[in-house]
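Reading through the structure tokens given below for one structure.
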Amino acid sequence: PPMQRLAKYIALSGAGVGRSRSLNQEEAQDALSIILDGEADPIQIGALLATMQFRGATTSEFAGFVTALRAHLKASDVGTTTADLDWPVYLSPKLRTSPWFMHAVRLVNMAGYRVAMHGSAGGGQDEAKFVIAAKMSGIPVCASIKDAKNALKTAASVFIPMETLDAQITRLIGLYPLMEMRSPLNTILQLINPLGAKASIMGASG
């Protein structure tokens, strides 16, 4: 059963000095898939993410998590859409900067490249900040990958709020206030490239 498989992964990852090890790519992919499918106990989710964050996630774990996320979202294969640049924008709830990067996106558009943005403003009072900024900049706000693909046929850039793209992922990144720390998910969201753009930019938050 999924919960028992996940329990074994937690034990492998956090059983203590001399008895634990990092997960390989397949194990990490299966672990996050169980969580994304809603088959994990909430305590298991916190235990796995906190353990991995404490000891430091490995490249294999990151790769497994990214594979699970892309499969869950049914992300497009690289180079199969008109998106030239993937631009992730995820803010910490503690960061209250203005989304000036939207102007940088427009400059990239002026150079002839289509940009696919996806992200979250971190929740709380700033939750809709990116949506408001995109609309004011004339950038279509899309609720799904399919909508974004269609919009990019005529628009130079699009923005997909994670809040409308996937409820389960939104809940997972919303754990920050309960833990007061980042988790591996905060890092790998930068890597999901949902529209399969030919290139990605890292760390554009404001």
Side-chain angles (χ1 to χ4, degrees), residues 1-13 21-53 56-90 114-120 142-152 158-176 182-203:
M3 276 192 186
Q4 290 184 9
R5 293 206 316 275
L6 186 56
K8 291 180 179 178
Y9 297 144
I10 295 169
L12 283 174
S13 179
R21 63 165 174 81
S22 59
L23 304 180
N24 62 38
Q25 183 172 339
E26 292 73 22
E27 292 167 340
Q29 180 179 345
D30 188 38
L32 187 57
S33 294
I34 292 169
I35 293 172
L36 293 173
D37 289 341
E39 297 178 316
D41 185 275
I43 294 176
Q44 290 181 306
I45 298 173
L48 180 65
L49 295 180
T51 298
M52 291 176 66
Q53 182 69 11
T58 65
T59 54
S60 295
E61 289 170 332
F62 279 141
F65 271 24
V66 171
T67 302
L69 274 172
R70 285 182 52 79
H72 177 74
L73 292 173
K74 297 180 173 59
S76 302
D77 292 334
V78 174
T80 59
T81 70
T82 57
D84 297 303
L85 181 63
D86 174 66
W87 196 312
V89 284
Y90 295 89
R114 287 188 170 92
V115 178
M117 290 180 287
H118 54 94
S120 170
C142 304
S144 68
I145 292 175
K146 181 180 179 181
D147 290 345
K149 286 181 182 179
N150 290 332
L152 272 183
V158 294
F159 174 65
I160 313 174
M162 184 55 71
E163 289 80 7
T164 58
L165 182 60
D166 191 86
Q168 181 70 333
I169 296 175
T170 300
R171 283 191 288 269
L172 290 173
I173 60 178
L175 291 174
Y176 186 98
R182 294 169 60 84
S183 81
L185 285 172
N186 296 101
T187 300
I188 63 171
L189 285 172
Q190 307 276 340
L191 305 172
I192 57 177
N193 191 7
L195 264 69
K198 303 174 185 69
S200 295
I201 190 169
M202 287 288 289

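A quick note: this is a predicted structure, and the numbers were derived from the prediction, not measured. All values below were derived from every heavy atom in this structure, side-chain atoms included, with hydrogens, water molecules and symmetry-related copies excluded. Note that the numbering runs from 1 along the sequence shown for the chain.
- Taking every heavy atom of both residues into account, Ser76 and Lys149 meet most closely at OG-CE, 2.7 Å.
- Between Phe65 and Ile188, the shortest heavy-atom contact is CB-CD1, 3.2 Å.
- We find the CH2-CD distance between Trp87 and Gln190 to be 12.0 Å, quoted to the nearest 0.5 Å.
- Pairing each heavy atom of Thr58 with each of Leu23, the nearest pair is OG1-O, 4.1 Å.
- Leu175 is not listed as a side-chain neighbour of Leu185, based on a closest heavy-atom distance of 4.5 Å or more.
- Between the CD atom of Gln29 and the CD1 atom of Ile34 there is a distance of 11.0 Å, given to the nearest 0.5 Å.
- Minimum interatomic distance between Leu195 and Ala116 (heavy atoms only, all atoms of both residues): CD2-CB, 3.9 Å.
- Taking each heavy atom of Ile192 and Met162 in turn, the nearest pair found is CD1-CE, 4.0 Å.
- Checking side-chain atoms of Ser13 against main-chain N and O of Ile10 turns up no donor-acceptor pair under 3.5 Å.
- In plain terms, the two heavy atoms of Leu36 and Ala68 that are nearest each other are CD1-O, 3.8 Å.
- One distance of note links CD1 of Ile173 with OG of Ser183; it measures 9.5 Å at 0.5 Å rounding.
- Scanning for side chain to side chain contact (heavy atoms under 4.5 Å, CB included) contacts around Lys8 gives an empty result, with sequence neighbours left out.
- Two residues are said to be in side-chain contact when any heavy atoms from C-beta on lie closer than 4.5 Å; Thr67 and Gln25 meet this criterion.
- Within the model, atoms SG of Cys142 and CG of Leu152 stand 7.5 Å from one another, a figure rounded to the nearest 0.5 Å.
- Atom-to-atom distance recorded for Ser144:OG and Asn150:CG is 8.0 Å, nearest 0.5 angstrom.
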Contacts table for residues 40-53: side-chain donor-acceptor under 3.5 angstrom, sequence neighbours left out:
from: Asp41; atom 1: OD1; to: Ile43; atom 2: N; distance (Å): 2.8
from: Gln44; atom 1: OE1; to: Asp41; atom 2: N; distance (Å): 3.0
from: Gln44; atom 1: NE2; to: Met3; atom 2: O; distance (Å): 3.0
from: Thr51; atom 1: OG1; to: Ala47; atom 2: O; distance (Å): 2.7

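- In this structure the side chain of Glu61 never reaches within 4.5 angstrom of the side chain of Pro184, judged on heavy atoms.
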Met117 and Ile160: CA distance, side-chain angles, deciding distance, side chain to side chain contact (heavy atoms under 4.5 Å, CB included) verdict: CA-CA 6 Å; Met117 290 180 287; Ile160 313 174; over 6 Å; no

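- Applying the salt bridge (charged side-chain N to carboxylate O under 4.0 Å, His left out) rule to pairs touching residues 22-39 yields Arg5-Asp30, Arg21-Glu27, sequence neighbours excluded.
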Apply the test side chain to side chain contact (heavy atoms under 4.5 Å, CB included) to residues Thr187 and Phe62: give CA-CA distance (whole Å), side-chain angles for both, the deciding distance (0.1 Å), then the verdict. CA-CA 8 Å; Thr187 300; Phe62 279 141; 4.1 Å; yes

Do Val115 and Val158 pass the side chain to side chain contact (heavy atoms under 4.5 Å, CB included) test, and can you show the C-alpha distance, the side-chain angles, and the key distance before you say yes or no? CA-CA 7 Å; Val115 178; Val158 294; over 6 Å; no

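- Between the side chains of His118 and Asn193, no donor-acceptor pair is found at a separation under 3.5 Å.
- Two residues are said to be in side-chain contact when any heavy atoms from C-beta on lie closer than 4.5 Å; Pro194 and Asp86 meet this criterion.
- Side-chain contact between Pro88 and Ile201 is present, with at least one heavy-atom pair separated by less than 4.5 Å.
- At a threshold of 4.0 Å, the pair Asp84-Lys198 counts as salt-bridged, since one of the basic side-chain nitrogens sits closer than that to a carboxylate oxygen.
- The CG atom of Asp166 sits 8.5 Å away from atom CG of Leu69, with the distance rounded to the nearest 0.5 Å.
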